[in-house]
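The structure appears below as structure tokens.
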Amino acid sequence: MLRIVTDTASDITVEQARNMNIDVVSLDITFEDGPAPQRTEEDFRRFYQRLEACDKLPVTSRTPPEEYLNLFQDAREKGDEMLVITLSGGLSGTVDSARMAKQIADYDKIEVVDSHQAILTQRMLVEQAVKLREEGYQLQEIVQRIKNTRDQVVVCGVVDTLKYLQKGGRIPASLGTLGTLLRIKPVIILQDRVLKQLGKARGHDAGEEMLYKHMEQDGINKAYPVYFGYTSDPELAERFMQRTRERFGLTQTRLFPIGGVIGTHCGTRCVAVAYVKR
């Protein structure tokens, strides 16, 4: 039996994991007044309510090796194979925890893959692995196909406010205040395993237009679905998805909430799009 494991940066809920027959380990998120679990869509909604009200950003901790080790030891006892697809190593040490646990478990039938991705594109890779497992592919074949796909997927988005970047100390307070007054919307992309800025836009519509220009440069492989995500405002994301469908003639789209692992830094009212490059 092949078992698939990912982490909560994929925003795959407990119910979705059960339906896919996979395991999801946790990256812990802790506010000053306590932890913020990320297991359900209701957890995501509560997270953003707390994020808006907090003075200090929550702290995110990588998955401890022990959580992987428990799964690995169980797999070894049962003779199962295991594929682990983690959050990008450029954003978290979670992949290092998985590799450390593999060394301790001393079990050859474990493959740990750094997704180089997060949120929507990490989900895409996990779903691809599940589909390939259902189609009867072997572990090493699945690993190779996942590694091929991870270099072709793109996730980018529009951040609604500079407030959370300011709280996280990534920009000066004065710039955060000025940016809010000028309605500056950072446009970001996950590239080379880390979050980077594509540019800054004056207003949300201009931010979406910047995303569209990047999508046009890449080209979209319409053989694959295009995923959309949102941190706290599904209606904003629905409108963005509909405009994108019309602009690019998309027929396969899905919409997902984004949890707190990446949402801590993006903040509320962020929208994102993920696709496979042509």
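We count residues from 1, following the sequence as given.
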- prompt: Are Ser88 and Gln117 side-chain neighbours, meaning at least one heavy-atom pair lies under 4.5 Å?
  reply: no
task: Determine, step by step, whether Arg243 and Glu208 satisfy the salt bridge (Lys or Arg N to Asp or Glu O under 4.0 Å) criterion, reporting the C-alpha distance in whole Å, the side-chain angles of both residues, the deciding distance to 0.1 Å, and the verdict.
output: CA-CA 10 Å; Arg243 285 193 291 267; Glu208 289 185 9; 2.8 Å; yes
- prompt: Are side-chain N/O atoms of Glu15 and Thr40 paired as donor and acceptor at under 3.5 Å?
  reply: no
- line: When every non-hydrogen atom of Gly157 is compared with those of Leu211, the smallest separation belongs to N-CD2, 3.8 Å
message: Could you check whether Gln242 and Glu246, counting side-chain N and O atoms only, form a donor-acceptor pair closer than 3.5 Å?
response: yes
message: Using a 6.0 Å cut-off, check whether atom CG of Asp33 has over 12 heavy atoms from anything other than its own residue.
response: yes
task: Kindly indicate whether the side chain of Thr6, heavy atoms from C-beta on, has any atom under 4.5 Å from the side chain of Val84.
output: no
query: Do Glu81 and Gln138 have a side chain donor and acceptor closer than 3.5 Å?
result: no
Return all side-chain donor-acceptor pairs below 3.5 angstrom for residues 269-278, not counting sequence neighbours, or 'none' if the list is empty.
{"from": "Arg269", "atom 1": "NE", "to": "Asp233", "atom 2": "OD2", "distance (Å)": "3.3"}
{"from": "Arg269", "atom 1": "NH1", "to": "Asp160", "atom 2": "OD1", "distance (Å)": "3.1"}
{"from": "Tyr275", "atom 1": "OH", "to": "Asp218", "atom 2": "OD2", "distance (Å)": "2.6"}

message: Tell me the closest heavy-atom pair linking Ser26 and Arg39, and the distance in Å.
response: OG-NH2, 3.1 Å
query: Can you name the nearest heavy-atom pair linking Leu91 to Ala118, along with the distance?
result: CD1-CB, 4.1 Å
statement: Apart from Leu132 itself, members of its ILVMFWY cluster (side-chain separation under 4.5 Å) are Leu2, Ile4, Ile12, Met20, Ile22, Val24, Leu83, Ile85, Val113, Leu125, Val126, Val130, Tyr137, Leu139, Ile142, Val143, Ile146
query: Phe31 vs Phe47 aromatic rings, parallel, tilted or perpendicular, using cut-offs 30° and 60°?
result: tilted
task: Please go through Val14's hydrophobic cluster and name the other residues, only I, L, V, M, F, W, Y counting, with side-chain heavy atoms under 4.5 Å joining them.
output: none
- prompt: Sub-3.5 Å donor-acceptor pair from the side chain of Ser115 to the main-chain atoms of Thr86, do we have one?
  reply: yes
field: Passing candidate, ring-ring contact (aromatic ring centres under 6.0 Å, His included) with Phe256, options Tyr230, Tyr227, Phe44
entry: Tyr227
